[in-house]
Amino acid sequence: MGELKLMKGNEVIAEAAIRYGCDGYFGYPITPQSEVMETLMLQKPWETTGMVVVQAESEVASINMLYGGASCGKRVFTSSSSPGISLMLEGISYLAGAELPCLIVNVVRGGPGLGTIQPSQADYNQATKGGGHGDYQTIVLAPASVQEMNDHVGLGFDLAFKYRIPSLILTDGVIGQMMEKVVVEDQKPRWTDEEIKEKYGDWATTGKQKNRKGNIITSLALESEVMEKHNIHLQKKYREIEENEVLFEEFQTEDAEYLFVAYGSSARVCQKAIEIARAKGIKVGLLRPILVWPYPKKRVSELADQVKGMLSVEMSAGQMVIDVKLAVNGRIPVEHFGRFGGIIPSPAEVVEALEQKIIGGK
Amino acid sequence: MTNDTVLKIPRITPKNMTEKEFFYGHKACAGCGGSVAVRLALKVLGERTYTALPAGCMAAVGFIFPQMAFNTNALITTFPGVASMASGIAAGAKALGQKDFKTVCFAGDGGTADIGLQALSGMIDRDDDVLYICYDNEAYMNTGIQKSGLTPYGTLTTTTPAGKNIHGTKTNKKNLFEIIAAHDIKYAATASIGYPQDYINKVNKAKHIKGATFIHVYASCPTGWGTPTNTSIEIAREAVDCGLIFLAEYQNGDYKLNKNPKEFKSVKEYLTKQGRFKHMTDADIEQVIAYRDMKWERMRRNWNS
């Protein structure tokens with residue numbers, strides 16, 4: 001069913017969370033994602049579904065509120081943009097260490113430092129390689145449209161609870177600020193403690209009853225042997241996710257001789273670039289990872305047998321290109337093209353880069 | 001002030017104030033109160049000033065290349081770290097053997113009372129030689145008018161909407177001045193751009209005190225408040241005259257009210273001319289007045305003994 005709406009990417013994050021039956025949001029203002037909290041405050045879900053919305057005093061506070069809410073087995077989320085996510089990293093590492101499910105939305109802007117408020121994809125490494133301290137991973141979803149912003153809220157929560165792991169939506173100022181038509185789902189009820197327990201097990205600290213033992217949430221293990229065991233357990237879980245949850249989309253790859261690899265808004269630029277290139281007679285396709293962790297390594301590797309070269313198109317100085325190179329393992333040329341500091345590459349630029357760096361380079 | 005340790009500071013007035021500009025050509029909105037606070041303070045502090053600003057309006061409007069508005073040394077810091085970075089600047093300048101300089105922070109209400117409070121507290125605790133000026137426009141204006149810890153009761157912001165059931169912000173302003181004074185800081189003051197001479201005097205006093213000092217200056221924001229751009233100074237003055245903002249100092253363990261009016265001007269008039277308070281009912285306004293009276297009763301009882 002659902003309902004057709006015209007909404008901004010940031011607004012739909014809020015709308016989708018309410019409709020999904022999310023229990024709480026904790027956030028702090030930062031451009032270009034402030035509309036998430038603003039929309040929640042306007043919708044007042046505490047009057048309808050009972051969802052809690054809290055404005056924290058800093059990003060450090062919001063991520064730790066998230067830790068608290070997630071510990072109770074509640075479906076909670078936060079949103080921020082690059083500098084704010086950097087502040088949250090300690091908390092994200094704790095959440096991963098304590099195996100708590102939650103959703104974190106990063107509407108990436110140009111960096112480093114205070115950077116700019118224009119869109120960027122330069123937080124890829126931070127998101128997909130852990131980011132904070134310790135050996136950990138988070139599931140990273142990379143929406144390329146306002147519709148996917150909606151879909152990834154539910155998907156992010158589902159995966160987070162399935163594996164007891166933080167999910168991160170890695171989007172950018174383009175998708176966050178852009179208005180598109182979107183089908184939002186019908187209102188689902190919030191889950192009760194019992195429903196969560198039944199579905200995902202009894203691990204949450206929901207308040208100790210007389211006749212049962214209390215649960216403990218921690219990422220601390222002072223004995224090295226215990227900590228190593230916990231790490232082995234985490235790594236096993238990450239391998240399982242890599243095995244089962246890879247998600248990607250292909251565009252005109254059937255006859256492709258060259259391949260763009262791009263996610264999020266860059267992938268949309270590439271779709272137009274393919275049109276231009278094919279008009280010139282260059283057979284190029286696109287592989288778009290929908291999740292950037294786990295990464296579609298296997299498919300990239302398979303396509304390396306088919307195409308003559310790959311161009312990783314990112315709004316960064318070249319981050320995802322390393323993952324592409326690892327998957328290709330030197331068999332064919334892999335290059336990077338990107339604009340950064342808040343600039344979105346034009347389709348023509350992308351085609352030019354393909355011609356110069358890949359086709360011309362052969 | 002009988003126990004004033006700072007003696008014979010040459011008085012600075014608009015008449016003898018330098019004509020040099022240290023914050024000029026910025027891109028602030030018309031009628032920006034924060035820019036008035038920065039401009040006046042730098043005129044008092046002079047050329048030998050290290051200026052530190054966290055993310056916020058003044059950083060956003062002052063550092064747009066090629067129109068760099070600061071004629072002093074100036075840097076943008078992290079949002080939670082302005083006070084720490086100022087501590088580092090003061091230490092660095094000291095290590096360079098510089099003596100005739102002042103380090104100053106200009107941070108907004110959110111950057112001070114919310115995310116920056118921990119760093120500020122540490123800076124005061126160490127008594128680092130820094131003047132911290134908080135320009136208070138009562139919300140996160142730079143990111144689009146979200147509520148901060150210094151947003152007063154009943155304010156319409158984008159995160160505290162006003163409608164039939166909820167009438168804007170449900171909490172009162174944090175008592176920032178008292179929080180700072182509770183550190184036993186060498187000098188702290190409140191001010192308003194509506195009373196510029198009082199503000200200038202306070203900046204001048206802080207300039208001559210070695211160690212941590214703090215000024216909380218009320219700075220109007222037509223964009224966020226829904227007021228005409230040509231009334232910024234009047235509104236900031238009216239806030240003081242109606243008793244919602246007070247002018248005070250804390251020095252050597254003593255509080256002092258600089259302005260203790262027998263009668264306040266109308267709170268209702270002050271509130272209803274601003275878009276951000278338009279929705280307030282008489283009951284809301286009564287609550288604001290009751291809170292004001294409670295606070296003044298306490299201040300008069302405890303501070304002016």
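Here is how names work: the chains are called A, B, and so on, in the same order as the sequence lines, proteins then strands, and each is numbered from 1.
Looking only at distances, a side-chain donor or acceptor of Asn10(A) sits under 3.5 Å from a matching main-chain atom of Pro32(A). For Ser81(A) (side chain) and Ile30(A) (main-chain N/O), no donor-acceptor pair under 3.5 Å exists by modelled atom type.
Chain B forms more heavy-atom pairs under 4.5 Å with one residue of Met37(A), Glu59(A), Gln55(A) than with any other, namely Gln55(A). If you tally non-hydrogen atom pairs under 4.5 Å between each of Thr160(B), Ile166(B), Ile76(B), Thr78(B) and chain A, the highest count goes to Ile166(B). Contact tally against chain A (heavy-atom pairs below 4.5 Å) for Asp114(B), Thr77(B), Ile115(B), Asn165(B): the top residue is Ile115(B). Interface remark: of the candidates Pro161(B), Gly163(B), Gly144(B), Gly116(B), Pro161(B) forms the most heavy-atom pairs closer than 4.5 Å to chain A.
With a threshold of 4.5 angstrom between heavy atoms, Leu40(A) does not approach chain B through any atom at all. In this structure, chain B has a heavy atom under 4.5 Å from the side chain of Glu47(A), while its backbone stays farther away. Interface residue Leu114(A): only side-chain heavy atoms are found under 4.5 Å from chain B. Contact annotation for Leu117(B): neither backbone nor side-chain heavy atoms come within less than 4.5 Å of a heavy atom of chain A.
Side chain to side chain, Ser145(A) and Glu180(A) fail the donor-acceptor criterion of an N or O pair below 3.5 Å.
One finds the CD1 atom of Ile18(A) at 9.0 Å from the CH2 atom of Trp46(A) (value rounded to the nearest 0.5 Å).
Between Phe101(B) and Tyr50(B), the angle of the ring planes goes over 60°, which puts this pair in the perpendicular group of the 30/60° scheme.
Salt bridge present: Lys295(B) and Glu178(B) bring a charged side-chain N and a carboxylate O closer than 4.0 Å.
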